[in-house]
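For ligands, and for the atoms within them, numbers begin at 1 and follow the listed sequence. Residue numbers run from 1 in the order of the sequence given. Just so it is clear, the structure is predicted and the values come from calculations on it, not from any experiment.
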Amino acid sequence: MSTKTASKKNGAVKFNTISQIFIGGKWKTAATAKTIEVRNPATLDLLGSVPNCTKEDVDAAVGAAKKAQRDWWKTPGVEKAAMLHEVARRIRAMEHELFTTLSLESGKPLWEAKDCIEWVAACFDYYAEVGRASHGNSIPPVAHHQVNFTIKEPYGVVAAIAPFNFPLLLMSWKVAPALAAGNTVVAKPPSPNPLSNLLLAKAYEALPPGVVNVITGSGSSAGELLINHPGVDLIAFTGSTEVGRHIASVAGQQLKKINLELGGIDPFIVCEDADLDIAVPGVAWARLLNAGQVCTSSKRIYVVRKIAEEFMRRVVQYVRTLKVGDPSDYTTDVGPMINESALNTVEDQVSRLLEKEKARILTGGRRIAPHGLKGWFLEPTVLGNVRHGGIATTEEIFGPVLALIAVKDVNEAIKLANDSEFGLGASIYTKNLEYAMRAMENIKAGTFWINDPLTDNDAGPFGGMRHSGVGRELGEEGLDAFREPKHVHLDYVMEKKNFWYPYSQRGDLKPKK
Ligand code: NAP
Ligand code: MG
C-alpha cells in the first residue's frame, strides 16, 4: 500500500494518507494519473491526493466484486458472521488512526469523529448477528403435501456511495448489511474526504478478495461510471435530493434497484410545557452537530409563542458557550464547514433571509478565524423572526444556522411541521404525551424523536418519507434493502397429477341454453 505519513508540528496528530485504491483484496495504483486533493477544512493544509478513477478502475472494481459474489453468498452464515465481527475488531484496533484521519479531513471535532468510529464498528457487529439470524419465512401451503417458504437472495453487486458529512458511518450502513445479505460491494467515498474510507479498507483485508472494493473519484466521473455500470445490480446512495433524483432516473432506465437516503428540512417543535433546561441544549445539539451539516439536523424550530422569547434568549446564551475551533483540539465543540462553496451557499441563504424576509440575527452570522485558522468557519448563528414558507423552511440550509419560528400552539406547530416536501426526521420537546403522539401521527417523517433528538439505534430503521428518500437503512429493514425474496413451492407427494381441468368436469362450462 502506498501511504504518506504526515504529522502536525507539535506532534499531536499523526495520520497516513493512502494514495492507492483497494480492488480484489489488493492495493493498486489507479490507471489514471489524475488526482483529487484532500485538504483539512480547518487549516486548508494539504492532507493528500487520491486518484480520480476512470473507466478502467471502475471496470476492475466491479469485475472483482462480480467474481467474488457467488462464493461470498454461499459462504456459511456462521463464517460470514465471524468475518464481519473480525472487520469490527480491526476497526476498533485502528480506532485512533481512523478517527484522527476522519477529523482532519472532515472538520469533525475529535470526540465526534471517535463516536463515529465506534458506531461504524458496532454496525458491522450488528449485521454479523442479524444477517446470520434472518433468512426467510415458512408460508401456509394450500394442500397438506406441499411446503412453501421464502429464502432471501442477494441482488449481486452493490454500488455504495456516501456523502461528505458522515463519510464512514453512512458507508458502513451500506457495506455491512449488503455483505450480511450476501452481496459484494464497490464503495465510492465522497471526494472532499475519502481518506478515512481508504483506511477502513485495511479492515476489509479480513474478507475474501473482491468482497469489498474501494475506489475514489468525483461523483461526476467515477460516480457516474459506477451507477451506469452494467455489472452493478443495486445502487445504495446517501446524498442530496438533486443527485438522488438523477440516480433514480439512471436506475429507472436500467431497471436497477435503488436505496436512496436524501436531503431533509427537519422540523423541531418546542411546546409550552417543555423543560427548557433540557430542550435548549437539545435544540443546539440537534442543529449544530457537525457544524449543522447533518441530514436530520433540526432546520426549522417551531416554538410556542408563550415561551418563545424566553426560549430564544436561552438558546442564544447556550450557543455562545459552544467552543468553535480546531477540530484537532479536544475541547472544540463545533468545527468548520467542509469547503468554501458549502460556506458560500449558507452565507448566501442567510443574507437572503435577512434582506428579503427580514429575519434577525440573534447571535453569530460571521465568518471567523478561530486562533487564526484559515478554514471555513461560520459562527453558530441563531435567527429570529423567521417565517414559515420562506427560505429556511423550503431550502436545505446545510450549515450551523438555527432558525426560530414562533407559533400559536402545538396544533399550528404540527400543521407547519408537516407542510414540507421532505420527510426525513422530526423532533418534539414536551411532557404532554397527547401532544407528542398527536405530532407523531400527523407529521410525515422516517424518524420521530420525542425529548431526545438525533440519537441513533442500529436496530431501528432509518430513512426518509416523501422526497427524503426511497427505502430504509439500519434494522432488519436495512438488511432487506439488500436482498429479495424467492418463493419456493415444493410438493413431496410424487404422484401423477392432472394439471389441466378434467374433461369429465368441463360440462359445467358449456353455455347454458
Ligand atoms: P452529494 O453532492 O449529493 O454527493 C453525495 C455522493 O454522491 C458523493 O460521494 C458524491 O461524490 C456522489 N455523486 C455526486 N454526483 C454523482 C453522480 N452523478 N453519480 C454518482 N455519484 C455522484 O451530497 P453531499 O454534498 O456529499 O452531502 C450532503 C447532502 O447529503 C445533503 O443534502 C444531506 O441532506 C444529504 N444527506 C442525507 C442523509 C440521509 O440519510 N438521508 C444523510 C447524510 C446526508 P463527490 O463527493 O465526488 O461529489
Ligand atoms: Mg455535494
Side-chain angles (χ1 to χ4, degrees), residues 34-38 41 50-53 58 105-106 116 159-174 186-197 214-229 232 235-251 254 256 258-266 289-299 337-346 395-399 421-425 445-447 454 456 460-474 478 481:
K34 291 205 175 114
T35 57
I36 297 176
E37 285 187 348
V38 183
V50 296
N52 191 6
C53 288
V58 176
E105 66 174 351
S106 311
C116 279
I161 302 176
F164 76 82
N165 59 342
F166 290 91
L168 270 188
L169 184 68
L170 298 176
M171 191 60 94
S172 73
W173 290 8
K174 297 165 181 51
V186 177
K188 193 211 84 69
S191 36
N193 45 0
L195 300 176
S196 49
N197 263 294
V214 184
I215 57 165
T216 51
S218 75
S220 54
S221 58
E224 195 65 33
L225 287 163
L226 185 59
I227 61 170
N228 278 287
H229 200 291
V232 166
I235 305 164
F237 169 83
T238 303
S240 59
T241 296
E242 187 193 352
V243 176
R245 236 185 263 281
H246 168 67
I247 289 179
S249 67
V250 169
Q254 303 178 11
K256 281 179 180 158
I258 46 172
N259 205 51
L260 304 175
E261 301 287 351
L262 309 177
I265 310 182
D266 286 6
L289 171 68
N290 200 35
Q293 304 166 114
V294 181
C295 53
T296 48
S297 76
S298 303
K299 292 164 188 137
M337 294 183 58
I338 191 71
N339 55 31
E340 187 174 21
S341 93
L343 175 52
N344 285 343
T345 303
V346 171
E395 292 179 23
E396 187 183 34
I397 301 182
F398 218 57
E421 67 182 41
F422 294 102
L424 193 53
T447 309
L454 264 66
D456 277 336
F462 179 91
M465 295 183 178
R466 294 175 171 157
H467 293 178
S468 290
V470 178
R472 290 292 181 274
E473 294 189 316
L474 297 182

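The shortest N/O to N/O separation between Lys188 and ligand 1 falls below 3.5 Å. The shortest N or O to N or O distance between Pro163 and ligand 1 is not below 3.5 Å. The shortest N or O to N or O distance between Phe164 and ligand 1 is below 3.5 Å. Residue Lys299 has no N or O atom closer than 3.5 Å to an N or O atom of ligand 1. Between Ser191 and ligand 1, at least one N/O pair is under 3.5 Å apart. Remark: ligand 1 and Phe237 share no N or O pair separated by less than 3.5 Å (distance only, no angle test).
When atom types are taken as modelled, the side chain of Thr241 and the backbone of Leu262 share no donor-acceptor pair closer than 3.5 angstrom. Glu105 contributes a side-chain N or O that, together with a main-chain N or O of Leu195, makes up a donor-acceptor pair within less than 3.5 Å. Of the possible polar contacts, none joining the Asn259 side chain to the Phe237 backbone as a donor-acceptor pair under 3.5 Å is found. Side chain of Arg472 to main chain of Gly460: no donor-acceptor pair is present (N/O by atom type, distance under 3.5 Å, no hydrogens or angles). Judged by distance alone, with hydrogens and angles left aside, the side-chain atoms of Lys299 form a donor-acceptor pair with the main-chain N or O of Gly264 at under 3.5 Å. The closest donor-acceptor contact from the side chain of Asn290 to the backbone of Asn165 lies under 3.5 Å. One N or O on the side chain of Lys256 and one on the backbone of His229 form a donor-acceptor pair closer than 3.5 Å.
Note that atom 27 (O) of ligand 1 has protein non-hydrogen atoms nearby, at separations under 4.0 angstrom.
Heavy atoms of Thr296 found under 4.0 angstrom from ligand 1: none, in either backbone or side chain. Counting heavy atoms closer than 4.0 Å to ligand 1, residue Thr241 contributes nothing at all. The side chain of Ile161, and not its backbone, has at least one atom closer than 4.0 Å to an atom of ligand 1 (non-hydrogen atoms only; side chain from C-beta on). At a heavy-atom distance under 4.0 Å, only side-chain atoms of Glu396, from C-beta outward, approach ligand 1. Contact annotation for Glu473 and ligand 1: no heavy atom of the residue comes within less than 4.0 Å of the ligand. Looking at Leu170 against ligand 1, only its side chain comes within 4.0 Å, counting heavy atoms.
When each atom of ligand 1 is checked for a heavy atom of Gly217 under 4.0 Å away, the hits are 47 (O). Counting atoms of ligand 1 from 1 in the listed order, those under 4.0 Å from a heavy atom of Glu224 are 17 (C), 18 (N), 19 (N), 20 (C). For ligand 1, the atoms closer than 4.0 angstrom to any heavy atom of Pro192 are 46 (O). Close approach of ligand 1 to Asn165 (heavy-atom distance below 4.0 Å) involves ligand atoms 43 (C), 44 (C). Close approach of ligand 1 to Phe462 is summarised as follows: ligand atoms under 4.0 Å from at least one heavy atom of the residue are 40 (O). Close contacts between ligand 1 and Leu424 involve ligand atoms 41 (N) [criterion: under 4.0 Å to a heavy atom]. Close approach to His246 involves these atoms of ligand 1, each under 4.0 Å from a residue heavy atom: 18 (N). With ligand atoms numbered from 1 in the order given, ligand 1 contributes 37 (C), 38 (C), 39 (C), 41 (N) to contacts under 4.0 Å with heavy atoms of Leu262.
The option with the heavy atom closest to atom 20 (C) of ligand 1, from among Ser221, Pro190, Gly223, Gly264, is Gly223. Of the candidates Ser240, Gly469, Ala162, Ala160, the one placing a heavy atom closest to atom 3 (O) of ligand 1 is Ser240. Closest to atom 5 (C) of ligand 1 by heavy atom, among Thr238, Leu474, Val243, Asn290, is Thr238.
Nearest heavy-atom pair, Val38 versus Asn193, reported as atom, atom and distance to 0.1 Å: CG1-CA, 4.5 Å.
Contact between Phe398 and ligand 1 is present, with at least one heavy atom of the residue lying under 4.0 Å from the ligand.
In this structure, the separation between CD1 on Ile235 and CG on Leu260 is 8.0 Å, given to the nearest 0.5 Å. Going from atom CD of Glu473 over to atom CG of Leu169 covers 9.5 Å, rounded to the nearest 0.5 Å. Atom SG of Cys53 and atom NZ of Lys188 lie 9.5 Å apart (nearest 0.5 Å).
For atom 42 (C) of ligand 1, the nearest non-hydrogen atom of the protein is Cys295 SG, 2.8 Å. With hydrogens left out, the protein atom closest to atom 35 (C) of ligand 1 is Gly239 O, 3.1 Å, a heavy atom. Nearest to atom 13 (N) of ligand 1 among the protein's heavy atoms is Gly219 CA, 3.4 Å.
Judged as a side-chain hydrogen bond (donor to acceptor under 3.5 Å, both in side chains), and not counting sequence neighbours, Glu340 has no contacts. Residues satisfying the ring-ring contact (aromatic ring centres under 6.0 Å, His included) criterion with Phe462, sequence neighbours excluded, are Trp173.
Under 3.5 Å, the side chains of Ser298 and Asp266 contain no donor-acceptor pair of N or O atoms. Counted by atom type alone, Ser221 and Lys34 present zero donor-acceptor pairs between their side chains at under 3.5 Å. With no hydrogens or angles considered, no side-chain donor-acceptor pair links Asn52 and Thr35 at under 3.5 Å.
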